[in-house]
Amino acid sequence: QGTDVASGQFSYKTAVAYQPKDRDDPIYKRLKSKLNSPTGEDNFFLRMNGANDLYAGVADGVGGWAEHGYDSSAISRELCRAMDEFSSLAVHSGASVDLEPKALIQMGYDKIKKDKVVEVGGTTSIVAHFPANGLMKVANLGDSWCGVFRDTKLVFQTKFQTVSFNAPYQLAII
């Protein structure tokens, strides 16, 4: 991030890295033709609404659905598509509208349920908004994690939301 001293506004730069599971695993091999996600079960979106307004999110899809013959990447992929679409609407006629991350997750989930684009699946989700004033807002559902470090010290972190070990709260279509 950088700050424009004259305007007092933050600007953001982004980078993404990912490593999907091995798709040659026997569980995924029979689904290979149905899978449409280079990031595996997990997906992300980044929406720059100008240099001073960034939305970012990750959806961590539940891979176990592949064992039952379903595309386990579908729900995380479609959720991220919907959240990206809605976050692009946060700028109207040049005026920025502050769309809360929690509302963005709900809007995305409602859209994929209504549109019936996902047959079956489950995902956790974390979304952050980085506005021009530099005050990050974040919403987390499940066992994803977000940490903020300053001078190598952890100054903020989200909390995991789980029912029990390896059973995070999640958005699901069953």
Side-chain angles (χ1 to χ4, degrees), residues 1-2 9-21 23 31 34-63 65-66 70-148 156-158 160-161 168-174:
Q1 82 185 20
Q9 292 191 331
F10 284 78
S11 61
Y12 303 99
K13 294 181 172 111
T14 62
V16 174
Y18 57 86
Q19 183 173 355
K21 290 184 177 104
R23 294 293 184 161
L31 287 173
K34 288 174 72 175
L35 300 175
N36 185 19
S37 177
T39 56
E41 282 85 22
D42 307 335
N43 281 274
F44 70 93
F45 80 96
L46 293 170
R47 172 57 63 177
M48 296 288 298
N49 289 327
N52 307 77
D53 189 68
L54 168 68
Y55 284 90
V58 173
D60 182 355
V62 176
W65 287 108
Y70 296 100
D71 178 0
S72 52
S73 67
I75 191 167
S76 61
R77 180 182 62 249
E78 296 303 326
L79 179 65
C80 284
R81 276 188 190 154
M83 291 188 299
D84 180 51
E85 179 184 320
F86 285 121
S87 64
S88 73
L89 302 175
V91 177
H92 298 283
S93 306
S96 183
V97 175
D98 189 6
L99 182 59
E100 297 288 329
K102 184 177 177 181
L104 191 56
I105 293 170
Q106 185 68 58
M107 291 165 66
Y109 181 55
D110 289 346
K111 179 176 178 21
I112 64 172
K113 284 192 313 184
K114 181 179 113 321
D115 293 350
K116 298 183 187 309
V117 293
V118 176
E119 188 176 7
V120 171
T123 187
T124 63
S125 184
I126 188 164
V127 173
H129 180 214
F130 302 88
N133 66 9
L135 298 176
M136 177 187 76
K137 293 181 181 178
V138 66
N140 183 41
L141 175 68
D143 58 358
S144 296
W145 182 81
C146 173
V148 175
F156 168 80
Q157 65 180 315
T158 57
F160 290 162
Q161 300 168 333
Y169 286 102
Q170 55 192 268
L171 304 170
I173 296 176
I174 300 174

Item checked: Between OH on residue Tyr109 and CG on residue Leu104, distance to nearest 0.5 Å -> 15.5 Å
Check: Can you tell me how far the CG atom of Asp84 sits from the OH atom of Tyr55, to the nearest 0.5 Å?
Finding: 11.5 Å
Note to self: Quick one, Asp53 with Arg47, criterion salt bridge (charged side-chain N to carboxylate O under 4.0 Å, His left out). Give me CA distance, side-chain angles, the key distance, then yes/no.
What the structure shows: CA-CA 8 Å; Asp53 189 68; Arg47 172 57 63 177; over 6 Å; no
Note to self: Which heavy atom of Cys80 sits nearest to which heavy atom of Ala59, and what is that distance?
What the structure shows: SG-CB, 3.8 Å
Margin query: Can you see whether Glu41 engages Ser72 through a side-chain donor-acceptor pair at a distance of less than 3.5 angstrom?
Written below: yes
Next item on the list: For Val118 and Ala74, work out which heavy atoms get closest and say how close.
Entry: CG2-O, 3.8 Å
Next item on the list: Kindly indicate whether the side chain of Val138, heavy atoms from C-beta on, has any atom under 4.5 Å from the side chain of Val127.
Entry: no
Checklist line | Test side chain to side chain contact (heavy atoms under 4.5 Å, CB included) applied to Asp71 and Arg77, step by step | finding: CA-CA 10 Å; Asp71 178 0; Arg77 180 182 62 249; 3.5 Å; yes
Checklist line | Check: Met48 main-chain N/O paired with Tyr12 side-chain donor or acceptor under 3.5 Å | finding: no
Notebook entry, point to check: Less than 4.5 Å apart, any side-chain heavy atom of Asn133 and any of Gln9?
Noted result: no
Checklist line | Heavy-atom side-chain contact between Ile75 and Ile112 under 4.5 Å | finding: yes
Note to self: What I'd like to find out is whether the side chain of Met83 reaches to under 4.5 Å of the side chain of Ser125, using heavy atoms alone.
What the structure shows: yes
Notebook entry, point to check: What is the distance from atom CG of Asp60 to atom CG of Leu141, rounded to the nearest 0.5 Å?
Noted result: 11.0 Å
Notebook entry, point to check: Can you list every salt bridge (charged side-chain N to carboxylate O under 4.0 Å, His left out) pair that touches residues 129-140, not counting sequence neighbours?
Noted result: Asp98-Lys137, Glu100-Lys137
Margin query: Just verifying a value: how many Å separate Thr124 OG1 and Asn140 CG, rounded to the nearest 0.5 Å?
Written below: 7.5 Å
Next item on the list: Measure from the side-chain N and O atoms of Asn49 to the backbone N and O of Ser87, and report whether any donor-acceptor pair falls under 3.5 Å.
Entry: yes
Notebook entry, point to check: Any sub-3.5 Å donor-acceptor pair from Gln157's side-chain atoms to Gly147's backbone N or O?
Noted result: no
Item checked: Residue pair Tyr70 / Val120: nearest heavy atoms and the distance that separates them -> CE2-CG2, 3.7 Å
Note to self: Using every non-hydrogen atom in the two residues, find where Ala56 and Phe130 come nearest and quote the distance to one decimal.
What the structure shows: CB-CE1, 4.4 Å
Note to self: Tell me the closest heavy-atom pair linking Asn43 and Thr39, and the distance in Å.
What the structure shows: OD1-OG1, 3.1 Å
Notebook entry, point to check: Taking it one step at a time, do Lys111 and Val117 satisfy side chain to side chain contact (heavy atoms under 4.5 Å, CB included)?
Noted result: CA-CA 9 Å; Lys111 179 176 178 21; Val117 293; over 6 Å; no
Next item on the list: Provide the closest heavy-atom pair for Cys146 versus Ile126 in the form atom of the first, atom of the second, distance.
Entry: CB-CD1, 3.5 Å
Checklist line | Check: Ile105 and Leu171 side chains under 4.5 Å, non-hydrogen atoms | finding: yes
Checklist line | Gap between atom CG of Asp115 and atom CZ of Arg81 - 0.5 Å precision | finding: 12.0 Å
Checklist line | Beyond-backbone contact of Lys113 with Ile173, side-chain heavy atoms, under 4.5 angstrom | finding: yes
Check: Just how far is it from atom CZ of Phe44 to atom CG of Leu79, taken to the nearest 0.5 Å?
Finding: 14.0 Å
